[in-house]
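Residues: numbered from 1 along the sequence shown. As the structure lists them, so they are numbered: ligands from 1, and atoms in each ligand from 1. Heavy-atom basis, side chains included; hydrogens, waters and symmetry copies ignored.
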Amino acid sequence: MQRKFMLSDQDIPEKWYNIIADMPNKPLPPLHPGTLEPIGPEALAPLFPMELIKQEVSTEKWIEIPDEVRHLYSLWRPTPLYRAYNFERMLDTPAKIYYKYEGTSPSGSHKPNTAVPQAYYNKQEGIKKITTETGAGQWGSALSFACNHFGIECEVFMVKLSYEHKPYRKVMMNTWGATVHASPSTTTEIGKKILAEDPHTTGSLGIAISEAVERAATNDDTKYALGSVLNHVKLHQTVIGLEAIRQMEMAGDMPDVVIAPFGGGSNFSGLALPFLRLNFDEGRNIRCIASEPSSCPKLTRGQFRYDFGDTGGMTPLLPMYTLGHDFVPAPIHAGGLRYHGAGVIVSQLLRDKLIEARAHDNVEVFEAGVQFARAEGIIPAPEATHGIATVIAEAERCKREGRSEVILFNLCGHGNFDMKAYQDYFDGKIVRHEVTEAEIKASLARLQTPTIP
Ligand SMILES: *Cc1c(COP(=O)(O)O)cnc(C)c1O
């Protein structure tokens, strides 16, 4: 009875997998918000280094991982893949449950998989400083770690709610030398404007993005980095799934169902896209399910149309499932899942019914997270508990149907900095919350961006 499946340093993938090469319908182009004309990659040049822009629009199926990036990956990669025997027993299911554990990275989640190459390519192009936003603090931590390694300055706009809930995430970023502001802040024009309208706002990822973009756009030696949503971020995360395929082979199993939590789509893509490749190339029929909170349900209840990536409306228009760029979700603890939209690649895949999505209530996910911690020991990040809720639902289905399917999920981070969230759950302060149809309709009705027939 083997419990964990380990690879060694030499097994770190040499190439990232770019699913755009294999997609039956390629993503629609981003549009200029003024002219509504498709924009070319050069429009992104003020914000990102050229190499990342090339990756953003690449149609090459495999993209080489630089040696220096693989070398830093080897601090924590390859990550372990476990068979969750105890959890299976607790759920009394005939399903076999496996999980890929990304919480072994220095910052405790999958985020450094893209922070490291992003810092690397900025360094290659002589950039001195990178700005970014962070929701739960995971991305800010990951980028702080990566920037510190490559000797780049890092400035982080942290959603105010998380800044208050998770003070130690800020200290972690400071330890790696980064500067951190609670967002909205008074250091940017958009931050000042939003504070003037609503001084008590808890902030949102969309607002923090606007602040970080403004800072980068107004300083020459400064670029911006995004921890999710964009194509190159999803590309970098595919190391997760590429490793997992080899580990599942070691285990002598292949998943019937692959599950991951969903904020903007990076950890979901990281695990799922390499398995979707097996569907494309080998005719397999692996189901991939993205799990989101029912308080921010863009995949299950949003609209597929053009929208801004940020609240301030500074980004190009992107074709995606969205709840509207000024949608401010309830202040749930899964900060990384409070984003109004879904990445372009994943949106197109969902539109084409090549992937599925589920939404779970706030209380249900904490029940799932605590159950998992009591079975397997690892305390999941609040984001990861959404995937676990889907795993439980699938394991129960397997039981009802008497099927011993293989389920693989992404335990994309540990929750060791999220004790406030668990405390609130134990104190009965976490309440069921679902956005109403009227709220979603009202938010979408405010959009003046193009719809997609
Ligand atoms: C950031 C984060 C998420 C959500 O972002 P994705 O891009 O959808 O992966 C989920 N889980 C954890 C642990 C995170 O840090």
Any side-chain donor near an acceptor of the partner, K429 and Q423, under 3.5 Å:
no
Tell me yes or no: between the side chains of H360 and T390, is some donor less than 3.5 Å from an acceptor?
yes
How close does the nearest protein non-hydrogen atom get to [atom], and which residue and atom is it?
atom                    : result
atom 13 (C) of ligand 1 : C412 SG, 3.6 Å
atom 4 (C) of ligand 1  : G336 O, 3.3 Å
atom 10 (C) of ligand 1 : E383 CB, 3.4 Å
atom 8 (O) of ligand 1  : G263 N, 2.6 Å

Check residues 407-416 and write down every donor-acceptor pair under 3.5 Å in which the side-chain atom is one partner and the other belongs to a residue at least two apart or another chain.
from : atom 1 : to   : atom 2 : distance (Å)
N410 : ND2    : N267 : O      : 3.2
N410 : ND2    : N267 : OD1    : 3.0
H414 : ND1    : N416 : N      : 3.0

Kindly confirm or rule out an N or O of F268 lying under 3.5 angstrom from an N or O of ligand 1.
no
Polar contacts were defined as any N/O atom of the residue lying under 3.5 Å from an N/O atom of the ligand; does this apply to G264 and ligand 1?
yes
Taking the six-membered ring for Trp, are the ring centroids of F366 and F426 within less than 6.0 Å of each other?
no
Suppose we call two aromatic rings close when their centres sit under 6.0 Å apart. Are H325 and F308 close by that rule?
yes
Atoms in ligand 1 flagged as close to S228, the criterion being non-hydrogen separation under 4.0 Å:
6 (P), 7 (O)
Between F304 and Y321, what is the ring plane arrangement, given parallel below 30°, perpendicular above 60°, and tilted in between?
tilted
Work out whether the distance between some heavy atom of [X] and some atom of ligand 1 is less than 4.0 Å.
X    : answer
G265 : yes
A136 : no
W139 : no
Q237 : no

Set out, in order, the CA-CA distance, both residues' side-chain angles and the distance that settles side chain to side chain donor-acceptor pair (under 3.5 Å) for T300 and E292, then state yes or no.
CA-CA 8 Å; T300 52; E292 64 182 5; 2.6 Å; yes
Nearest neighbour of atom 1 (C) of ligand 1 from the list E102, Q138, K111, H386, on a heavy-atom basis
K111
A student comparing D418, N410, N267 should find that the heavy atom closest to atom 9 (O) of ligand 1 comes from N267
Counting heavy atoms not belonging to F280, are there more than 12 under 6.0 Å from its CZ?
yes
Worked check of side chain to side chain donor-acceptor pair (under 3.5 Å) between D22 and Y17
CA-CA 10 Å; D22 289 333; Y17 168 58; 2.6 Å; yes
